[in-house]
Each structure stands twice: as structure tokens, then as C-alpha cells.
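This report refers to the structure that appears directly beneath it.
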Amino acid sequence: MKQNFDEIKNLLPFESHLKDLFKKIEELKKLSEKEEVNLEEEIRMVRKRIDAMRQDIFSKLTPLQVVQVARFIMRPTTLDYISLIFEDFIELHGDRNFSDDAAIVAGIAKLDGRSVVVIGHQKGHTTKELIARNFGMANPEGYRKALRIMRMAVRANKPIISLIDTSGAYPGLGAEERGQAEAIAKNLREMAVFTVPFISIITGEGGSGGALGIAMGNRVLMMEYSIYSVISPEGCASILFRDATRAPEAAKASKITAKDLLEFRVIDEIIKEPVGGAHNNYKEAAANVKAAILKHLNEISNFSSRELVADRYNKYRNMGIFVE
Amino acid sequence: MKQNFDEIKNLLPFESHLKDLFKKIEELKKLSEKEEVNLEEEIRMVRKRIDAMRQDIFSKLTPLQVVQVARFIMRPTTLDYISLIFEDFIELHGDRNFSDDAAIVAGIAKLDGRSVVVIGHQKGHTTKELIARNFGMANPEGYRKALRIMRMAVRANKPIISLIDTSGAYPGLGAEERGQAEAIAKNLREMAVFTVPFISIITGEGGSGGALGIAMGNRVLMMEYSIYSVISPEGCASILFRDATRAPEAAKASKITAKDLLEFRVIDEIIKEPVGGAHNNYKEAAANVKAAILKHLNEISNFSSRELVADRYNKYRNMGIFVE
Amino acid sequence: MGKISIHEWFSKKQKEKQQQNSSSEKLNIPDNLWIKCVSCKTALYAKELKENLNVCPKCGYHFKLSALERINLLIDGGSFKELSPTLKATDFLGFFDSKPYAKRIEDAILKSSLNEAIVIGEGLIENIKTSLGVMEFSFMGGSMGSGVGEKFTRMIEHSIENKIPAVVVTASGGARMQEGIMSLMQMAKVSAALGRLRETGLPYIVVLTDPTTGGTTASFAMLGDIQIAEPEALIGFAGPRVIEQTIRQKLPKKFQRSEFLLEHGMIDLICERKNLKGTLSKILKFFVE
Amino acid sequence: MGKISIHEWFSKKQKEKQQQNSSSEKLNIPDNLWIKCVSCKTALYAKELKENLNVCPKCGYHFKLSALERINLLIDGGSFKELSPTLKATDFLGFFDSKPYAKRIEDAILKSSLNEAIVIGEGLIENIKTSLGVMEFSFMGGSMGSGVGEKFTRMIEHSIENKIPAVVVTASGGARMQEGIMSLMQMAKVSAALGRLRETGLPYIVVLTDPTTGGTTASFAMLGDIQIAEPEALIGFAGPRVIEQTIRQKLPKKFQRSEFLLEHGMIDLICERKNLKGTLSKILKFFVE
Ligand SMILES: [Zn+2]
Ligand SMILES: [Zn+2]
């Protein structure tokens, strides 16, 4: 949950020129306290101005600026969304094989009274939390935990909601030893044939196979300032352009924003974010996510098991652009 | 495979009095060579005497003596049986999670032209091999490999043959960490609902959960001098009698021989062993095992998938003696 | 179903318990006694401990609960109907160690006022009808022989027949060695029942309590759709001493405890006793609603 | 199916290959040249190497095989029918790095005489009719874009429609980044196809060759009912350099090699090239007979 959010400290690099306006608000507040005058109208006016400027800034974000928003440390995490969207969440742990991977959280919950399974990558808002969560980069155990719990949803005939926010699967020694590739691959195959409604939302970073590993929903939605890509702009630049500083170019070329992906029909809908991005208003962001989940869940809830599998199969079967 | 089998060196403790007769044979052989006389008839006579004495000894084995036969280092191992019973065996490795456990071998093969999956615990005939195989005591990975490959058999609709020879699942630190109990438990549950014919043979030691973990066949057969028990006689003595030296008593009380278990209908048939035990004639032992497998496989091969599951379910459902 | 009403059954059981000479059982000592917490060594007023669900108010150590106390804790008042209450073990091997198995069974029945190391039945958990099995550790260490295997299996079959979830609370030292191979076969039997249950899609929830080891762990105790454990419960396959003998070194602290299993991915959550019913009911609601 | 006979197809392909300027490819250099083994550094007579299936006769190092050479190795003479031979990638993002993707595609086609980084078709392996996909590493590093994803999927669908096993030989650096997100989606697409195949009970056999990494490994390359690898092949998810940067230490020797994967339970067996067809046919016989 968002706590003690410092609006000045948490300005994104490309909106640093709003600093003065925020300072102005602070001054007005102090003045109002000191002099015991009501300056609320004045403050409201400055806020309005900030919002207008922000709306303008955010309407013209470059792809790499969207990346900055998507990766922002104050961006709501999976657990933030879970606490704001679902009731009676009980977190379930472990892959029943090797360990419990904190980079992926999973559990059962109620969504407007309906039983659902929810899973997602978990980052954090502090360095400590990020380290504990391995920066949201899961090991094979994370994917295996997700699969175990998604399969439980299938047996129990409950919908699955997945929230995606990872820079990628962890490229570590142990991850390779214990079959990172195998774990992701198996998830992809199994998700394809799940007989329950399955909705995936890219909330922050949708980093490559590590994102896809829990993201094969019947519907895939993206938050307005999230990204989804086969490789990070930095990685793309350093591999293809042999120059990591060319990330802005790579970000642009790779088409990683929600708008681009909607055009390619890789995603089904863009979920609006509050002014200035989801981190400025967790509640509003969560409400938008919830509304989107409910809308899509309602649309596919009448599908039979068979139809759900066919719907999902066709969705992915038809992805690809080639000539013949 | 049996190699350079030294009959004198490999006498079991309770047949050490046969040593002189074997020495006699050696002398006769030497004499025959030296003097260039034909002493085959004499040798045959001694052999006959040995066999007769052995038949007598083995007909009166105490349970703990049976344990000695079952554990004998020269007793044919799973790989010995595989090479003598099946054709075109291809060993398959790995649990796709963590490692390949050498204490359990598994693979695909042909049995008289029929495709089957065969799995079994693997001990060894030398200290080196025993160490490499962890003395046939599997870690969780062994059970997970077995399950993976048995499930493949189920998908491919091929019968499963399992050969059991272990003192038990390995009671190690890592085994506990990685869920020895979970691995065995899952195997039991899954084996119960396999839709293919499944035959299990206790070839040597059937040690507790570690044995049962791959032994839930529709038919369970035991070699004449194998044992099958919930705890080793030594363990039983030290826990219940608080005195490990009372193993003979514990062995007797626990009813662990093939004959006892057939009486309790825990097993379906006893497979005859060559005179003096399977280690004296691998080929004959393997031929007997093969004949038994084929007999039982033929009996259940006409069952439908459903019938196979029901047959197996009822078999285990009905085990237990209680009053009400 | 039991032939007497649940109300009668409970008061009968409670009376039987009170009549026993049970100085060795912490939970039956007079209310004004002091008990030393085995974990933090604090001297606790027995009544206070009991009122706190046998959880040390100082350090949170979870003392054992009897099967009846557990049922009281989890099941909505008066809704429990016992199944197969008269089912008993029998000494079919004529097995004896320091005393005959037949005598052990008799003693255990007298001591626990139960006929076997598990009580099974049906009851409501926050109004959700559930099959329930609760193990009794004081009955021969909660060991699983033919009686436990049969009762557990019936509990699962009751679940399947009535299309209701199944919940089990474990507390067991493993297989009942006095029944030889037949105790091993119970592992196959109960797991097979769970294989059938699983195919129906009905949930099976396991609550692991201190201690749960051996053949019980390697069968029904590890097969829950959801695995809950009480804090610091010993849960393992091999006993700690066997492992120490095998690896010839001391075991790490907290080895085979709930927290260790959580870390190693073997259980879903650790739940304090005071939250257990609430958590169970949320979980059941997830499945049945 | 291809519109020309398999015989014509093979001779056409071989001719095209010979005509190329391919000094950079070991396998197309004149027969009288010497090649230094990358593993044991022995100088090998090119003809000898070729006759030994591109396996070093001294140390057993497995050099790469082209898709066509692989098909020749595995498929009974003249029985291969190519599927979707004209399917090609297209530069739908207008992507360019050091050169435009469109140009890269063109160059790769010219260089390899293939239209994509995978050849798919149907053929006999010791008389067993099989769907086959063979990747071509020289085609943009065997990267998987829409073309590879579509062709692989069609290969699996061919398997399902004709009720025949599917075999794939992998050699790939991973996703084709020039197709952006669409290359990622191919992982989902091919895995979904394998999900359908799996439900039919038909076998899917993977032969991993050097190198197989990235999105290819994390999708169809790791989903075989049986996973075979050639000796010493590099097989992994992340590239070794990425891992070294992450963990800031040198990787162990043999890391991510076939032998390492076997030890870690990820593959079923390592098979030398000379035994590959025999082993495959035994495996296929297990499934189809
Ligand atoms: Zn305490
Ligand atoms: Zn070489």
C-alpha cells in the first residue's frame, strides 16, 4: 500500500520541472497554517495546473519515458493491487519441490464475491523489499509455484487473474541449474489448455519470457504506462545496436507500449491510469484494473471449458506476421 | 550382468558349510586337468549334492536369513533384469526439476515385442557402484523421475513394469529439504489412477515407503527370497524392542517374507528363484520374472482404462484388517 | 453415522476424559496448576493456557490439542456427526514387543476414550458442510494402521458421496509397526482415495500439527490442495535421529519445522491456532462458493 | 506440401548450396582443405570430417549440421516432403539496427537457400512416418520469429491431423528481436500447439543441438516427451554472458552443456550423432507400436 508518498521526491525525471509547483503548494500550506488563512482555493488552482501539465507531458511520453514510469519504484505492485481489488486474499506458498519464490505471489481471493485465483510478480517500494523479492525476477520455483496454484484453480473451476510486472526471469546460476527454461516452457503449454477463464494484466514491466510465463490469459490487458517486450530496450540496444546508450531508439523501434501492442492485437485493451501514472493514485488505478477485470471476466464467464480453451488457443495461434 | 562369480566367496553365511563341497569340485577340476582324466561325472555328483543341501537349507530359511539373501550384493539388480528380460531398452534420465537420481533407473523398452515402460531401484554389485547409486536409496528426484516417466507411459498408453529393490527412501538432509514425503505421497496418489496396466515386482528389498513409492501395481509379485516391510527388522527391533540385536525376532514378528505376504493377499504371486537364490543363476531368475510379468500382463491387458483404475483402486481399498 | 446424538457424544467423551487418571496429560491437570512452557520455560497458569487454546501466551508455542479439543475448536457447536466410531484396530499378527499389541490397543482406548488414532465425521465449519478427520497423537503416537487407514478412506469417500470438501488435521509418528506390512499398505489405500477425490475436483485441505512424520507425511498429510501448518510443528519423512545417524552431523536449527517447510516450498501457509477456523472457512468458501 | 518432388527439392537445394560463396561455413569448403577442431585443435581433413557426420574423429566434438544435412541424416532416403517451403518472414516493424531487417531476411535466404530458420515436413525415420522440424542456425542464428513460430505450429498440426509423431531438431539463439513482441508471442503459440498435441497422446521428441538458448529453449525445445541432446551442446535460457554479468563470477566449466543438463535432470539422454537415427527410431517404435 502507498505510504507517506512524497510528491516532490517521487517526480519522474521528465516531470522535474513540476517541482516548483509542488513547492508552491507546500508553501501555501505552511502559510495557511501559520497565518490561519484558508488557501485551499489557491492550492486547488496549483494542483489543477500540475494536472494539466502532467496530462500534457504524459500524452507525449516517448517509449523510453513510458519505460521509466513502468519501472518506477513507487508504481503499485501486485500486492498493492491485490489489497485494493480483492477481498479475503490468502497467500499460498511454495512449489512443493524446492522452495518458495518471493518474486511471485499467488493465492486465493474473492473478487466482488466471486472466487478467483490471483498470481503476480512482486517487486517492492524499498530496496529492502526489492532485494527480498529479487526485484521481481523469479527463479524456476516461482513459475512452478504459479503453475501449481493455477492448476488448483483449474481443478476447482475458478477463474485465474495474473498480474505481470517483471524485468524478466532471473538469469542466475541456480535458475539455469534448476531449469528456468523448462519451467517457463511448461507453464506456456499448460496455460494454453486451462479450462477456466484466465485474464492477464501487464501492470508494470512485461519483460520477455519471464512475463509471458504467467501471462497467457484469454484476455491480456495493459496498464496505460506499462510495457511488454521480448527484450529490454537496453538489452536490445546493446545486442542489436552494440551500444547500450541507444536504448531510446531501441525502445521506439521495438514497439513496447500499450498503444503499439493494441494495434498489433497482442493485447485486448488498455487500462487508463490516473493523471501522472498509477503511482499517483493507487485507489484509482486499482479501481480501473478491477473494472477491466470484471468486464472481461463477465464476457468470458459464459464460455464452456471447451470454448475457453479454443478461444485461448485461437488467440495465440493467430499471432504472427509473415508472407507466403 | 553377473561376472566372474566366485561361488565360494559368495556363499551366504548360513551356507558356509557348503564350502568344502565347492572346494572338492575345484580339486576335482584341477585333478582332471592335471591327470587328464574325465571327472565330470564326479563333479556332477558333488554339484547335485550341493543343490540338494541348498534346496534343504533354503526351504527352512528363517526370515532374517531371507533378509540376507534379499540384500546380497550379488543378487541381480534392476539393470541386470532389464538386460535379460527386455529388448531395446533406452534409459531416460532426470526429473526435469533438479537432478537425475541414479538410485532409480527408468526407461522405455520392448517386452516380447510389446512397448513397455520399466522403472526400478538400482543397487550394485561393487562398493563403487553402490556408492554411485546411493545404495539404491532414492532422493525425491528419483521418485519424481519415476513419476514423470510413468506419466509418459500413461499418455502413450503403454504398460508399466516396476522392479523394487531398496532398503528405503534416503533419509538425508537434502531429501527432507526437497520433500521426500511429498514426492512419495504424490506418486502413491498418481499411481492409483493410472489408466494403463501396471505390474510391480519386489526383486530384493522392499523397504517401506521408499519401495511402495513405485510399487502400486495392479499386480504385485515377489521373488521367492525377497522381503517387503514397513521397517527393516533392525529398525523395528531398535524402536519397538529397544534392542537392535533382536532383529531376528522382529523379522519373524513383522511377517516380511513372500510367503507371509501372499497369505495376507498383499501380493499376488511368488516368483520362484533358482536353487540357492537368484544370484546363482541370473538367467533362470530373469526368465522366471519375465514369465510372471507376461502372465499377469496378459491377464490385465484386456481391461479398459476404467477397469484398470477400478481394479487397482479396489485392490488397495480392501487392504487392512480391523474390527467394527 | 454414530448411533448417538452429537450432544450426547460430546458430553460422554468429556465425562470419560475427566474420569481418567491423566496426570501425564497437560490438558487434563487441574486448573490451578502451573505448567512450564516447553519453549520459553515460562510458568503458565493451566487455566490461562487452556483458555488460550493451549498456546503459550508468552511465546506462542503451540501445545498439542486432543482430537476432541480440535473438533471443538474447528466445528460449529453441535454440528459434528462422528462416522465409524466403533471401528477398532485388531492384533492380527499376534505382535508383541514390550507388551502385546492387543494390550496396547486396549490401553490406548482407555487412555484416549477413542477407538482409534483418528476421529472422522462430518460437521459445519462456519456453516460449510465438511468431511473432517482429526488425528489423536495420544493414541499410540497417532500411528497409522488398518484402523486409521480405513477411517481416513471412509472420510474421503463420505466427501465424494456428499460432494463436500475434506479437511484433515494430522498428528502422527507414522506407520503402526505392530501391523507390519498392512500399515504400509494403508499409505497406498489412503492415497488412492485421495486420487479419486482429486478427480472430482472437491478440495482436500490438510492441517499439519506437531508432530507429523513417517508414513503419514508420505501419504495423506502431504497431498492437500492447500497445506496449512501450525507454527513450529515438526513435519518430516524420516525422524531427526535417523537423519543425524545417516549424515553424521547435527541438524540445522528449525530443521523439519513448519517454517522450514514453508521456506522449502512444501506448505502453503502457517496459521496460528487462533486464526485456524477463520482461515479454514475462507479457504473452504473459496472452493464451495 | 511442397510442389516439387522431394528428389528434385534435394538436388536443387544441394546445387544452390554448392553455388554459394560460403568460405565462412566449415561444411562447404572444398574437400581437400584442413579444418582445425575447435575443441581438440587437431587439424582435420575436411572430407574426413564430413564423412564422419561433422564429428571430430579425434575428440568427438560435434560440429554444426545444416538443416539439409540433418534431414539427410535422419530421414529415410527420398521420403522427405517439405511443408510450407515458401513461408517467409517479413519486416512488419520496419526494424533496423546495423541494417534493415528486410535486408537481413534477404541475406539469410540467399546464404542458407532456405526461406526461414526452420525446415518442416514429413518423412520416414526407419519407416515410421513422422512430422519433422529442423532448425537452421545459419539463418539469423536460428532465431524464432513469426515465420519459425508458424512453421513449427503447422508441423505440430500436421502431426495431429495425420496422427503421427513429431520430432524437432533445435539450433537457435532465441527470439528474433527484429520482430519485437511478436517474436515473444511465438513462444506462446508453439507451446499452445504442443498443449494440443499432448492431449492427443502423440509423442513429441526434441533433439537439442548446439546451441539452443533463449525463447526457443523456454518454449518448444524443453517440452519433449523425450529430450535428446547431442554431446556438449550449449543449452540454456539466459546466455552465459548475461549470467556472468548478473552473478559477477565466472561460470563453472561445462555450465549449460548437455552433460550439465543431464546431471540436473533436464534431458533424458545424450546421443552421439552416429547413433541418433537409430535411437530416434527405437523411441518412435516405442510410441507407435
Ligand atoms: Zn512459551
Ligand atoms: Zn576434436
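Reminder, nothing fancy here: chain letters follow the sequence lines and each chain counts from 1. No experiment lies behind these values; they were computed from the predicted model shown.
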Under 4.5 Å from a heavy atom of chain A, the part of [X] involved:
X        : value
D/Glu116 : neither
D/Glu263 : neither
D/Arg176 : neither
D/Phe260 : side chain
D/Ala89  : backbone

Contact leader toward chain D among A/Glu182, A/Glu177, A/Gln180, A/Met216, where contacts are heavy-atom pairs under 4.5 Å: A/Glu177
Pick from A/Ala181, A/Ala192, A/Gly209 with the largest number of heavy-atom pairs that fall under 4.5 Å of chain D: A/Ala181
Parallel, tilted or perpendicular: rings of D/Phe95 and A/Phe241 (30°, 60°): parallel
Evaluation steps, side-chain contact (heavy atoms from CB on, under 4.5 Å), between D/Gln256 and A/Glu176: CA-CA 7 Å; D/Gln256 292 185 320; A/Glu176 293 288 328; 2.7 Å; yes
For residues 210-217 of chain D, which side-chain N or O atoms pair as donor and acceptor with protein atoms under 3.5 Å away, sequence neighbours left out?
{"residue": "D/Asp210", "atom": "OD1", "partner": "D/Leu234", "partner atom": "N", "Å": "2.8"}
{"residue": "D/Thr212", "atom": "OG1", "partner": "D/Thr170", "partner atom": "OG1", "Å": "2.8"}
{"residue": "D/Thr212", "atom": "OG1", "partner": "D/Thr209", "partner atom": "O", "Å": "2.8"}
{"residue": "D/Thr213", "atom": "OG1", "partner": "D/Gly173", "partner atom": "O", "Å": "3.2"}
{"residue": "D/Thr216", "atom": "OG1", "partner": "D/Ser172", "partner atom": "OG", "Å": "2.6"}
{"residue": "D/Thr217", "atom": "OG1", "partner": "D/Thr212", "partner atom": "O", "Å": "3.0"}
{"residue": "D/Thr217", "atom": "OG1", "partner": "D/Thr213", "partner atom": "N", "Å": "3.1"}
{"residue": "D/Thr217", "atom": "OG1", "partner": "D/Thr213", "partner atom": "O", "Å": "3.4"}
{"residue": "D/Thr217", "atom": "OG1", "partner": "D/Gly236", "partner atom": "O", "Å": "2.9"}

Intermediate values then yes/no, side-chain contact (heavy atoms from CB on, under 4.5 Å), A/Arg178 and D/His264: CA-CA 7 Å; A/Arg178 299 190 302 277; D/His264 287 284; over 6 Å; no
Taking [options] one by one, which has the highest count of heavy-atom pairs under 4.5 Å against chain A?
options                                : result
D/Ala188, D/Ala175, D/Ser219           : D/Ala188
D/Ala193, D/Gly149, D/Gly147, D/Ser98  : D/Ala193
D/Leu261, D/Thr153, D/Leu223, D/Leu194 : D/Leu223
D/Lys88, D/Gln227, D/Met266, D/Gln178  : D/Lys88

Heavy atoms of other groups near D/Lys99 NZ, more than 12 under 6.0 Å: yes
Over 12 foreign heavy atoms within 6.0 Å of CZ, A/Phe303: yes
Within residues 315-324 of chain A, residues adjacent to chain D where the heavy-atom gap is under 4.5 Å: A/Tyr316, A/Arg317, A/Met319, A/Gly320, A/Ile321, A/Phe322, A/Val323, A/Glu324
Any residue of residues 251-261 of chain A which, by heavy atoms, sits under 4.5 Å from chain D: A/Ala253, A/Ser254, A/Lys255, A/Leu261
If you look only at distance, which donor and acceptor atoms sit under 3.5 Å apart when one is on a side chain in residues 243-252 of chain D and the other is two or more places apart or in another chain?
{"residue": "D/Glu244", "atom": "OE2", "partner": "D/Leu251", "partner atom": "N", "Å": "3.4"}
{"residue": "D/Thr246", "atom": "OG1", "partner": "D/Val242", "partner atom": "O", "Å": "2.7"}

If you round to the nearest 0.5 Å, how far is [atom2] of [Y] from [atom1] of [X]?
X        : Y        : atom1 : atom2 : value
A/Phe264 : D/Ile181 : CZ    : CD1   : 10.0 Å
A/Ile231 : D/Met177 : CD1   : CE    : 4.5 Å
A/Leu212 : D/Gln186 : CG    : CD    : 11.0 Å
D/Arg241 : A/Ile239 : CZ    : CD1   : 8.0 Å

Chain D contact via A/Glu249 - which portion, at a heavy-atom distance below 4.5 Å: neither
Within-4.5 Å side-chain heavy-atom neighbours: D/Leu184 and A/Ser208: yes
